[in-house]
Amino acid sequence: MIDRLCRDHSLSCDEYELLLDSQTPRLAEYAASRALEARKSVYGNTVYVRGLIEISNICKNDCLYCGIRRGNQSCSRYRLSEQEILSCCDEGYKLGFRTFVMQGGEDPFFTDELLCTLIKKIKKAFPDCAVTLSIGERSRESYETLFAAGADRYLLRHETADSNLYRKLHPESMSFENRMQCLNNLKEIGYQTGCGFMVGAPYQTNRSLAADLKFVEQFRPDMCGIGPFIPHAATPFAGFAAGALQTTLFLLSLLRLMDPGVLLPATTALGTIDPTGREQGILAGANVVMPNLSPVSVRRKYELYDNKICTGEESAQCKSCLERRMESIGYKIVTDRGDRKPFSL
Ligand code: 5AD
Ligand code: FES
């Protein structure tokens with residue numbers, strides 16, 4: 001079945017589920033070896049970097065898994081000023097970053113007007129850089145306005161393609177339909193669009209994960225961010241176990257085979273559940289890392305889950321740490337916007 005996925009870049013939902021049910025170390029190793037071939041043919045041994053700037057941990061939502069949910073009273077809240085964000089970009093540019101990802105909770109303070117001014121300033125100061133937004137669900141008009149101001153990419157994880165599971169992970173005020181509508185809007189508007197999901201979230205089954213794979217196959221995002229669920233002590237999901245490293249790696253390989261050109265990050269969550277999680281992610285087929293560019297003073301506050309790594313290190317330390325890590329496995333971080341390379345299915 002792995003060979004068929006390599007060839008056709010598509011399987012049925014039942015087949016994805018069967019693959020997940022029959023996951024063994026041997027099968028995962030085979031999937032990873034085919035995924036690496038596919039990755040090599042499009043991206044060689046290069047790894048793209050994005051500078052992640054966590055602009056605000058204020059969020060109007062109350063997702064049950066997330067450490068910065070509105071209901072978490074023990075979270076100390078912050079938002080970065082325009083000046084702080086621009087200095088992060090400045091530092092990032094000097095370090096060789098050519099993509100800035102502005103990520104944050106759904107913070108109403110960040111109006112279209114404020115964001116447009118910011119995006120224009122970044123694009124003016126760094127015309128050779130891509131600006132990625134990851135600030136949640138907004139109206140179609142808002143997405144259009146931000147795109148017109150110069151935003152190039154948008155990351156909005158779909159979180160799960162199983163609508164029943166979606167309801168178990170989110171409060172009633174949020175809807176699966178709106179999430180999907182947002183993703184369709186982003187793509188239609190012309191953003192390079194990223195979706196993604198958590199692995200091993202509470203109540204998740206292989207059937208739900210198969211739905212995620214089928215969704216990604218049909219949506220054909222430019223990027224797909226996946227990482228293990230990790231419990232956060234101050235959330236309703238505090239008592240649940242974290243997602244498995246091996247399942248996450250296997251899914252990365254399947255995603256690479258499904259779309260050899262897709263941008264696939266080895267996420268911070270993967271590096272949190274295992275000290276070499278990100279290296280293993282690259283060796284399973286991922287081709288992007290996203291070191292933290294946020295000011296060190298706020299890092300600990302952007303705590304989506306417990307024990308998040310890279311909260312004490314300066315940006316330059318994170319960059320060189322990842323450079324070393326990638327070199328240790330024979331890969332090389334490049335100074336590049338890191339756009340998706342053409343690959344025709
Ligand atoms: N464990 C792992 N990932 C999480 N995210 C939020 N909370 C957690 C958690 N407890 C992920 C979500 C979100 C992204 C920014 O971080 O998928 O989209
Ligand atoms: Fe941040 Fe290693 S990447 S310390």
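Basis for what follows: all heavy atoms, side chains included, without hydrogens, waters or symmetry-related copies. Just so you know, ligand 1 is whichever comes first in the structure, and atom 1 is the first atom listed for that ligand. Keep in mind it's a predicted model, so treat the numbers as computed, not measured.
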Are Tyr154 and Tyr143 near enough that their ring centres are under 6.0 Å apart?
-> yes
Would a 4.5 Å heavy-atom cut-off, applied to side chains only, mark Met290 and Pro265 as touching?
-> yes
Shortest protein contact, atom 16 (O) of ligand 1 (heavy atom only) = Leu304 CD1, 3.5 Å
Which of the listed options, Pro228, Gly227, Ala269, holds the heavy atom that is closest to atom 2 (C) of ligand 1?
-> Pro228
Option with minimal heavy-atom separation from atom 1 (N) of ligand 1, where the choices are Ile226, Ile230, Val199 = Ile230
Is it true that Arg167 and Glu172 make a salt bridge, defined as a side-chain N closer than 4.0 Å to a carboxylate O?
-> no
Would you mind running through ligand 1 and noting each atom that sits below 4.0 Å from a heavy atom of Cys66?
-> 7 (N)
Ring-ring centroid check Tyr93 Phe126, cutoff 6.0 Å = yes
Phe110: ring-ring contact (aromatic ring centres under 6.0 Å, His included) partners, not counting sequence neighbours | none
Relative to the heavy atoms of Arg157, which atoms of ligand 1 are at a distance of less than 4.0 Å?
-> 11 (C), 12 (C), 17 (O), 18 (O)
What protein heavy atom sits nearest atom 7 (N) of ligand 1, and how far off is it?
-> Tyr65 CD1, 3.3 Å
Name the orientation class of the two ring planes belonging to Phe215 and Phe219 (parallel below 30°, tilted from 30 to 60°, perpendicular beyond 60°).
-> parallel
Looking only at protein heavy atoms, identify the closest one to atom 3 (N) of ligand 1 and say how far it is in Å.
-> Met198 SD, 3.5 Å
Check each atom of ligand 1 against the heavy atoms of Glu159 and keep those under 4.0 Å away; list them by number with element.
-> 12 (C), 13 (C), 17 (O), 18 (O)
